[in-house]
Amino acid sequence: MPRAKRKRASSENSTEPAAKAGDKEVEKTVTSGAITPKNKSAQKTGEPEEYAHWLLKSEPESRMDKGIDMKFGIEDLKSQPNQTACWDGVRNYQARNFMRKMKTGQKAFFYHSNCKEPGVAGVVEIVKEAYTDHTQFDPKNPHYDSSSSRDNPRWFMVDVQFVRMLNRFIPLAELKQIHLKHKASGGPLKNMALFTRARLSVQPLTQEEFDFIVSLEDVKA
DNA sequence: GCCAACGTTGGC
DNA sequence: GCCAACGTTGGC
């Protein structure tokens with residue numbers, strides 16, 4: 001079975017009540033924080049923003065956490081059976097909530113974080129929608145959550161499958177430059193979550209953001 | 001390895 | 001329910 005280690009996020013031992021409160025708050029934050037052009041209409045209709053594209057962060061370089069290596073780059077995904085892995089270890093409510101909105105067939109960028117050269121490496125597809133992240137119940141797992149119960153699991157994961165590498169690696173530094181430019185000019189990356197919500201390990205992208213970044217693969221850096 | 005940004009916790 | 005302290009993320 002593929003065991004992928006994803007970005008964790010904060011608090012491994014939040015209490016049940018805290019989790020519930022946090023949950024709600026995050027739900028709010030997510031909605032109001034969904035900075036997209038469509039957000040306005042979303043607010044009018046009262047419908048939550050619906051995203052169809054995502055960005056998933058993972059660490060391509062070795063780093064030990066409680067005796068377990070967190071390394072899981074896109075090459076590691078490629079070498080899994082079926083080039084498929086479960087995106088476990090997400091321990092942040094916003095990130096979790098986004099994962100629960102993912103639908104089979106949707107595409108996501110595989111982003112390399114916490115490494116020499118951070119950036120977008122390739123494209124993956126959601127091949128299984130959110131289900132219980134078993135690692136929350138494993139005391140030996142770095143992402144063990146002692147206060148999550150099997151009756152009412154707190155954390156979820158999806159399965160992703162490798163689709164393709166981008167024709168070239170798109171470095172964070174380049175995206176950042178474009179983001180800054182677009183903030184001034186109103187281009188497609190002006191609100192990109194990678195910069196407006198830097199620590200979020202599972203992020204939504206608008207169609208425009210996704211397409212624009214894909215278009216960079218054939219542009220000379 | 002440093003440290004800014006930010007999510008969570010817990011005292012009050 | 002505020003907010004200071006704390007822990008983590010992740011770029012640099």
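All values below were derived from every heavy atom in this structure, side-chain atoms included, with hydrogens, water molecules and symmetry-related copies excluded. Everything numeric here is computed off the predicted structure, so don't read it as measured data. Residue numbers begin at 1 in each chain, while the letters A, B, ... track the order of the sequences.
Taking atom CE of residue A:Met70 and atom C1' of nucleotide C:dG10, one finds them 15 Å apart after rounding to whole Å. As a whole-Å value, the separation of A:Lys57 NZ from C:dT8 P is 17 Å. For A:Glu61 and C:dG11, the CD to C1' distance is 12 Å, given to the nearest whole Å. As a whole-Å value, the separation of A:Arg63 CZ from C:dG10 C1' is 10 Å. Between the P atom of C:dC12 and the CG atom of A:Leu175 lies a distance of 11 Å, rounded to the nearest Å.
For the side-chain contact (heavy atoms from CB on, under 4.5 Å) test, residues two or more places apart in sequence or in another chain that qualify with A:Ala52 are A:Gln106. Residues passing the side chain to side chain donor-acceptor pair (under 3.5 Å) test with A:Gln136 are A:Ser148, sequence neighbours excluded. A search for salt bridge (charged side-chain N to carboxylate O under 4.0 Å, His left out) contacts involving A:Lys78 returns A:Glu75, not counting sequence neighbours. A:Ser62 is linked by a side chain to side chain donor-acceptor pair (under 3.5 Å) to A:Asp69, counting only residues two or more places apart in sequence or in another chain. Applying the side chain to side chain donor-acceptor pair (under 3.5 Å) rule to A:Asp138 yields no partners; only residues at least two apart in sequence or on another chain are considered.
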List, with names and distances, any nitrogen or oxygen atoms from the protein found under 3.5 Å away from nitrogen or oxygen atoms belonging to nucleotides 3-5 of chain B.
from  : atom 1 : to       : atom 2 : distance (Å)
B:dA5 : N3     : A:Arg199 : NH1    : 3.3

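Helix bend of the helix from B:dG1-C:dC12 to B:dC12-C:dG1: the angle between its two end axes, each built from five pairs, comes to 10° after rounding to 10°.
Cation-pi geometry between A:Arg96 and A:Phe156 is not met at under 6.0 angstrom from the ring centre and within 45 degrees of the axis.
No engagement by A:Lys116 is indicated, since no non-hydrogen atom pair under 4.0 Å with the nucleic acid exists.
Side-chain N/O atoms of A:Tyr111 include one lying less than 4.0 angstrom from OP1 or OP2 on C:dG11.
For residues 121-130 of chain A, every residue pair satisfying the side-chain hydrogen bond (donor to acceptor under 3.5 Å, both in side chains) rule, not counting sequence neighbours, is listed here: A:Thr104-A:Glu129.
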List the atom pairs, donor and acceptor, that lie under 3.5 Å between side-chain atoms in residues 182-189 of chain A and the rest of the protein, sequence neighbours left out.
from     : atom 1 : to       : atom 2 : distance (Å)
A:His182 : ND1    : A:Leu189 : N      : 2.9
A:Ser185 : OG     : A:Lys181 : O      : 3.1

